[in-house]
Asks: 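Would you mind keeping the following structure in view while I ask a few things?
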Amino acid sequence: MPELPEVETVRDGLARHVLGTVVESVDVRRDYSVRRHAGGPMDFAAQLTGQTLSEAARRGKYLWLTLDGTDDALLGHLGMSGQLLVRTGAGLDVISPHLRVRIGLRSPDGDAMALDFVDQRTFGHLSVCELVPTPDGLPGGAGSQRAALPGAAAHIARDLLDPALAQGTPGRAGLVDAVRRRRTGIKRALLDQSVVSGIGNIYADEALWRAAMHYARPTAALTRAQVAQVLLAAEQVMREALAQGGTSFDALYVNVNGASGYFDRSLNAYGQEGQPCPRCGTPIRRDEFMNRSAFSCPTCQRRPRTPSR
DNA sequence: ATGCCTACCTGGGAGC
DNA sequence: TGCTCCCAGGTAGGCA
């Protein structure tokens, strides 16, 4: 499912293919896919039609296209199965079985195009949302780097690929402290998008495996160095996935599952129940966690004596 | 305020 | 072959 690397791949593809296009039509095929939009699907279409898409931005797993000359943006979240596909030429005849919204576009060259929102499981959604200035998205209150974010995403923290959270910056140190202030387990903290964004179940498990840390380790009992290590592991895993997936949008198409091709080859823990740990050979274990799964190596990632859930 | 849980939603695939 | 059921999980909102 799309987490930060996949969403960034989509954002990059949109930046290269749809900026400067004008919205000519909006076909909402499933009302549920237009959510958190005050006026509903009809208003969504009305607000988009005639607008020029002028910038492709992202915060965590939210991404948006700003509408030129307004304070509004087309905001999207891919949920767990969403895709944004650019259609051109004969591709316009392709109607995916899970097409939820088609946005008809006209390129600066006069070509007909479409931006298709395809989403099998319908956890994703689109809206038109006002951009609002945020006081400071940095954990720990460091710095003064304001940002204009869609109101619906204003509560989302910066992600580990955000320059403001680069290693050695006040932002990164503030994030470490913010994690340690939590009274919960490390995986819950990693998944909390208001602490650090972009990490989902897959990259959380992969980061914890790489850092050789159990998911239930209480954050408050971790040292700064341990928290920094986990965050670095998460950053590395996501950067590697981004490097592998970054070209898939050249074909105007992201894999059917919204993934970047990373998953086939490089997963060490997630989904690997019963498979040998690549580090020590112990079979990877699957636990129920937050009504989902947590995959870990029982040897490399030893459960703490007093685990946090 | 903070932490945790549940509902939302679909259809591919496993099991019979 | 055809049917049923399970499973995936990001997020908002509500609860304690």
Side-chain angles (χ1 to χ4, degrees), chain A residues 1-8 10 28-38 41 58-64 75-84 96-101 117-127 129 139-141 149-157 159 177-208 215-222 234 238 255-259 262-264 267 269-274 286-295 306-309:
Chain A
M1 56 297 307
E3 300 181 26
L4 190 152
E6 293 71 39
V7 179
E8 171 57 20
V10 172
V28 178
R29 296 184 158 228
R30 190 181 178 93
D31 285 354
Y32 186 73
S33 292
V34 175
R35 289 202 299 285
R36 302 180 182 100
H37 181 94
R58 182 185 58 74
R59 170 65 72 94
K61 303 172 201 171
Y62 278 90
L63 77 166
W64 61 94
L75 176 65
H77 195 293
L78 301 178
M80 57 184 292
S81 59
Q83 302 168 258
L84 284 168
S96 163
H98 305 308
L99 177 63
R100 309 307 188 192
V101 180
F117 181 62
V118 176
D119 187 15
Q120 182 205 122
R121 295 180 191 172
T122 69
F123 271 28
H125 68 276
L126 302 179
S127 68
C129 191
L149 299 179
H155 62 296
I156 301 296
D159 59 66
D177 290 339
V179 170
R180 294 177 74 239
R181 276 195 301 272
R182 284 292 165 135
R183 292 296 178 267
T184 187
I186 182 64
K187 183 171 174 179
R188 285 180 185 272
L190 292 176
L191 292 174
D192 187 336
Q193 305 297 301
S194 69
V195 175
V196 59
S197 68
I199 302 173
N201 208 34
I202 294 171
Y203 291 113
D205 279 0
E206 290 299 305
L208 289 164
Y215 60 85
R217 289 288 293 275
T219 52
L222 296 173
M238 292 193 293
N255 291 345
V256 170
N257 59 3
Y262 174 76
F263 302 106
D264 297 336
L267 292 175
Y270 179 84
Q272 305 302 304
E273 181 179 17
R286 174 189 179 276
D287 294 329
E288 288 190 13
F289 176 79
M290 294 174 73
N291 288 327
R292 303 178 160 64
S293 302
F295 295 92
T306 54
S308 283
R309 295 198 299 165

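It should be emphasised that the depicted structure is a prediction, and the values quoted were computed from it without experimental measurement.
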Asks: Looking at A:Lys61, is its backbone amide N or carbonyl O close enough to the side chain of A:Glu3 to form a donor-acceptor pair, meaning the two atoms are under 3.5 Å apart?
Replies: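 Between the backbone of A:Lys61 and the side chain of A:Glu3 there is no qualifying donor-acceptor contact (under 3.5 Å).
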Asks: Ignoring hydrogens and geometry, is there a side-chain-to-backbone donor-acceptor pair from A:Gln272 to A:Tyr270 under 3.5 Å?
Replies: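 It does hold such a pair.
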Asks: Once you round it to whole Å, what is the distance between P of C:dT11 and OH of A:Tyr62?
Replies: 6 Å
Asks: Under the rule for ring-ring contact (aromatic ring centres under 6.0 Å, His included), what residues qualify as partners of A:Tyr62, not counting sequence neighbours?
Replies: A:His77
Asks: Mind checking side chain to side chain contact (heavy atoms under 4.5 Å, CB included) for A:Ala152 and listing every partner two or more places apart, or none if nothing turns up?
Replies: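 Per chain and number, A:Ala152 pairs via side chain to side chain contact (heavy atoms under 4.5 Å, CB included) with A:Leu75, A:Cys129.
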Asks: Without swapping roles, check the side chain of A:Gln193 against the backbone of A:Gly60 for a donor-acceptor pair under 3.5 Å.
Replies: no
Asks: Between A:Leu190 (CG) and C:dG10 (P), how many Å, whole number?
Replies: 12 Å
Asks: Output one line per pair: protein atom, nucleotide atom from nucleotides 2-5 of chain C, and distance, for all N/O pairs under 3.5 Å.
Replies:
none

Asks: Between C:dT11 atom P and A:Leu191 atom CG, what is the distance in whole Å?
Replies: 10 Å
Asks: In whole angstrom, give the distance that lies between atom CD of A:Glu3 and atom P of C:dA8.
Replies: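 The answer, rounded to whole Å, is 15 Å.
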Asks: Looking at residues at least two apart in the chain, or sitting in another chain, which of them share a salt bridge (Lys or Arg N to Asp or Glu O under 4.0 Å) with A:Lys187?
Replies: A:Asp205
Asks: Could you state the CG-P distance from A:Asn201 to C:dT11, rounded to the nearest angstrom?
Replies: 12 Å
Asks: So which protein N/O to nucleotides 6-9 of chain B N/O distances come out below 3.5 Å?
Replies:
unit_1: B:dT6; atom_1: OP2; unit_2: A:Asn291; atom_2: ND2; d: 3.3
unit_1: B:dC8; atom_1: O3'; unit_2: A:Tyr32; atom_2: OH; d: 3.4
unit_1: B:dC9; atom_1: O3'; unit_2: A:Arg30; atom_2: NH2; d: 3.2
unit_1: B:dC9; atom_1: O3'; unit_2: A:Thr122; atom_2: OG1; d: 3.4

Asks: Test of understanding: with side chain to side chain donor-acceptor pair (under 3.5 Å), list the residues that count as partners of A:Asp287, not counting sequence neighbours.
Replies: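 So A:Asp287 forms a side chain to side chain donor-acceptor pair (under 3.5 Å) with A:Tyr215, A:Arg285.
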Asks: Please name all residues satisfying ring-ring contact (aromatic ring centres under 6.0 Å, His included) with A:His37, sequence neighbours left out, ordered by chain then number.
Replies: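 ring-ring contact (aromatic ring centres under 6.0 Å, His included) list for A:His37, sorted by chain: A:Phe44.
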Asks: Check side chain to side chain donor-acceptor pair (under 3.5 Å) between A:Arg58 and all other residues, then give those that pass, not counting sequence neighbours.
Replies: A:Glu8, A:Asp159
Asks: Can you tell me if the side-chain N/O atoms of A:Gln193 get under 4.0 Å from OP1 or OP2 in C:dT11?
Replies: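 Result: yes.
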Asks: Assuming nearest nucleotide by heavy-atom distance, tell me which of A:Ala152 and A:Phe295 is located more 5' along DNA chain C.
Replies: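 So the residue in question is A:Phe295.
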Asks: Sequence neighbours left out, what passes side chain to side chain contact (heavy atoms under 4.5 Å, CB included) with A:Val118? Give chain and number order.
Replies: A:Gln83, A:Leu85, A:Ser96, A:His98, A:Leu99, A:Asp116
Asks: Just jot down the side chain to side chain contact (heavy atoms under 4.5 Å, CB included) partners of A:Thr184, sequence neighbours excluded, or say none.
Replies: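 By the side chain to side chain contact (heavy atoms under 4.5 Å, CB included) rule, A:Thr184 matches A:Arg182, A:Arg188, A:Ala189, A:Thr219.
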Asks: What does A:His155 touch in the nucleic acid at a heavy-atom separation under 4.0 angstrom: a base, only the sugar-phosphate, or nothing?
Replies: sugar-phosphate
Asks: Check side chain to side chain contact (heavy atoms under 4.5 Å, CB included) between A:Arg286 and all other residues, then give those that pass, not counting sequence neighbours.
Replies: A:Glu273, A:Glu288, A:Ser293, A:Phe295
Asks: Counting the atoms with a prime plus P, OP1 and OP2 as sugar-phosphate, which does A:Phe289 contact under 4.0 Å by heavy atoms, base, sugar-phosphate, or nothing?
Replies: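 Touches nothing.
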Asks: Rounded to whole Å, please give me the gap between NE2 in A:His125 and P in C:dG13.
Replies: 10 Å
Asks: Could you please name the option among C:dA8, B:dG12, C:dT11 that lies closest to any side-chain atom of A:His98?
Replies: B:dG12
Asks: Which whole-number value in Å describes the distance from A:Ile202 CD1 to C:dC7 C1'?
Replies: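 Whole-Å distance recorded here is 14 Å.
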Asks: Which protein N or O atoms sit under 3.5 Å from an N or O of nucleotides 2-4 of chain B?
Replies:
unit_1: B:dG3; atom_1: OP1; unit_2: A:Arg183; atom_2: N; d: 2.8
unit_1: B:dG3; atom_1: OP2; unit_2: A:Arg182; atom_2: NE; d: 3.2
unit_1: B:dG3; atom_1: OP2; unit_2: A:Arg182; atom_2: NH1; d: 2.8
unit_1: B:dC4; atom_1: OP2; unit_2: A:Thr184; atom_2: OG1; d: 2.6

Asks: Just to confirm, is there a sub-4.0 Å distance from OP1 or OP2 of C:dG10 to any side-chain nitrogen or oxygen of A:His77?
Replies: no
Asks: Between P on C:dG10 and CZ on A:Arg59, what's the gap in Å once rounded to a whole number?
Replies: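 My rounded result for the distance is 19 Å.
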